[in-house]
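Written below as structure tokens is the structure these notes are about.
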Number of protein chains: 2
Amino acid sequence: MIMKPDSMLKDFFLGFIKIHILYHASKEPIYGAEIQKELRRHGYQISPGTIYPTLHRLKKDGYLEQQSRVVSGKVRNYYTITERGRDALDKSRNKIQELVTEVLEDGR
Amino acid sequence: MIMKPDSMLKDFFLGFIKIHILYHASKEPIYGAEIQKELRRHGYQISPGTIYPTLHRLKKDGYLEQQSRVVSGKVRNYYTITERGRDALDKSRNKIQELVTEVLEDGR
DNA sequence: TAACCGATATCGGTTAATGATATCGCAAAC
DNA sequence: GTTTGCGATATCATTAACCGATATCGGTTA
């Protein structure tokens, strides 16, 4: 029996996904399956049914732009952050800092 | 026309609520309406339909314990963190630190 | 004992995550 | 040039969660 990650952390993680994606897309072009792997390294199994609609949404909202590229015979949709996305990321950073700092600040 | 907070931050906030609540309940006894005000100070209007079920859930899961108290003629359900809740909070802290630090670390 | 009121509880409607499945499109094989 | 393989992407029905409007609770006071 596999112990699922704490639901609290799962919730946190889901709420954090868009920001996490924007961050990586600000570093280098990313694609769906890669993001999924990256999230797994953090211990969270996020469904493709979540990843892809999220990417589409971020593109539709103008935060990401898409370039299709062929890699070893497969089509990949790479996403890069836009200027608008960068602004949103910066704004989110500040707010997250404010929200999280307090909670993280001290142990028991 | 009131500009709603960015949906990305809203998502983050919703995912963060349980942890935020646990944190405050680790400092002092809290109650629903107070939490709602506290969250508003951060710029987010969270519905009672979210707050109260969340508190019930945290209690049911053993993270909070409840004491009903009468204040100026009104019944209030105060919640305090349990030992189990403290453990969950500490665990969450570590994980959040790991997840957030990277994203916050640098500007553009 | 009736009316008040802050706080809490609840309900139907709506939106979002899920993960299993189907599809896409290029390339290598024959 | 047609077929097959495959990683990546798209989609769909189901399930769960937030929403906010509304109802209810239960001491207190007059």
Side-chain angles (χ1 to χ4, degrees), chain A residues 2 4-21 24-25 29-40 42-61 64-80, chain B residues 2 4-21 24-25 29-40 42-61 64-80:
Chain A
I2 294 175
K4 288 196 299 181
D6 198 55
S7 76
M8 210 159 33
L9 281 170
K10 178 67 179 263
D11 289 346
F12 177 84
F13 204 72
L14 278 176
F16 192 55
I17 279 185
K18 285 180 190 161
I19 291 153
H20 199 164
I21 288 176
H24 282 290
I30 58 173
Y31 62 98
E34 176 189 30
I35 286 283
Q36 191 177 23
K37 270 182 239 156
E38 149 74 13
L39 299 183
R40 287 191 69 171
H42 284 297
Y44 294 92
Q45 173 63 32
I46 306 298
S47 162
T50 301
I51 300 285
Y52 290 105
T54 297
L55 287 171
H56 298 165
R57 183 64 172 296
L58 289 174
K59 179 188 174 189
K60 178 167 160 287
D61 290 348
L64 294 178
E65 57 187 6
Q66 176 187 344
Q67 308 94 23
S68 294
R69 209 184 295 173
V70 175
V71 178
S72 57
K74 311 299 177 306
V75 176
R76 282 184 193 169
N77 297 335
Y78 277 92
Y79 294 89
T80 314
Chain B
I2 294 174
K4 288 197 299 182
D6 198 55
S7 78
M8 212 161 29
L9 281 169
K10 178 67 180 259
D11 289 347
F12 177 84
F13 204 73
L14 279 174
F16 190 54
I17 278 185
K18 285 181 189 161
I19 291 154
H20 200 164
I21 288 177
H24 281 290
I30 57 172
Y31 61 99
E34 176 189 30
I35 286 284
Q36 193 178 21
K37 272 181 238 158
E38 149 75 13
L39 300 184
R40 287 190 69 171
H42 284 297
Y44 294 92
Q45 173 64 31
I46 305 299
S47 163
T50 301
I51 300 284
Y52 291 104
T54 298
L55 287 171
H56 299 165
R57 183 65 173 295
L58 288 173
K59 178 187 175 188
K60 177 168 163 285
D61 291 348
L64 294 179
E65 58 188 6
Q66 176 188 342
Q67 308 95 24
S68 295
R69 209 183 296 173
V70 175
V71 178
S72 56
K74 311 298 176 307
V75 177
R76 282 185 193 167
N77 298 334
Y78 277 91
Y79 294 90
T80 314

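Values below: every heavy atom of this structure, side chains too, minus hydrogens, waters and symmetry copies. In this text, all values refer to a predicted model and were calculated from it rather than measured experimentally. Below, read A as the first sequence line, B as the second, and so on, with proteins coming before strands; counting in each chain starts at 1.
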Could you tell me the boundaries of the chain A footprint on DNA chain C, defined by atoms under 4.0 Å from its heavy atoms?
dA17(C) to dA27(C)
Sequence neighbours excluded, every pair satisfying salt bridge (charged side-chain N to carboxylate O under 4.0 Å, His left out) that has a member inside residues 46-60 of chain A:
Arg57(A)-Asp61(A)
Return each pair, listed once, that meets salt bridge (charged side-chain N to carboxylate O under 4.0 Å, His left out) where at least one residue sits in residues 12-21 of chain A; pairs must be two or more places apart or across chains.
Lys18(A)-Asp11(B)
Counting only heavy atoms and a strict 4.0 angstrom limit, can you tell me which residues of residues 68-76 of chain A come near DNA chain D?
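Close to the strand are Lys74(A), Val75(A), Arg76(A).
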Using heavy-atom distances to pick each residue's nearest nucleotide on DNA chain D, tell me which of Pro48(B) and Pro53(B) is more 5'.
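Result of the comparison: Pro53(B).
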Atom [atom1] in [X], atom [atom2] in [Y]: separation rounded to 0.5 Å?
X        : Y        : atom1 : atom2 : result
Leu14(B) : Thr54(B) : CG    : OG1   : 8.5 Å
Leu39(B) : Phe13(B) : CG    : CZ    : 4.5 Å
Phe16(B) : Ile21(B) : CZ    : CD1   : 11.0 Å

Atom-pair distance ([atom1] on [X]; [atom2] on [N]), nearest Å:
X        : N       : atom1 : atom2 : value
Lys60(A) : dA10(D) : NZ    : C1'   : 17 Å
Ile51(A) : dT11(D) : CD1   : P     : 16 Å
Asn77(A) : dT11(D) : CG    : C1'   : 15 Å

Test of understanding: with side-chain hydrogen bond (donor to acceptor under 3.5 Å, both in side chains), list the residues that count as partners of [X], not counting sequence neighbours.
X        : result
Tyr78(B) : Arg76(B)
His42(B) : Glu98(A), Glu38(B)
Gln67(A) : Thr80(A)
Arg40(A) : Gln45(A)

Go through the structure and list residues passing ring-ring contact (aromatic ring centres under 6.0 Å, His included) with Tyr52(B), not counting sequence neighbours.
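By the ring-ring contact (aromatic ring centres under 6.0 Å, His included) rule, Tyr52(B) matches no residue at all.
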Of Tyr52(B) and Thr50(A), whose nearest nucleotide on DNA chain C comes first from the 5' end?
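Closer to the 5' end of DNA chain C: Tyr52(B).
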What's Gly49(B) touching, base or sugar-phosphate or nothing? Going by heavy atoms closer than 4.0 Å.
base
How does DNA chain D look in dot-bracket notation if pairs are Watson-Crick or G-U with both distances under 3.5 Å, crossing ones as [ ], other-strand ones as |?
||||||||||||||||||||||||||||||
For Gln36(A) and Pro48(A), work out which heavy atoms get closest and say how close.
NE2-CD, 3.4 Å
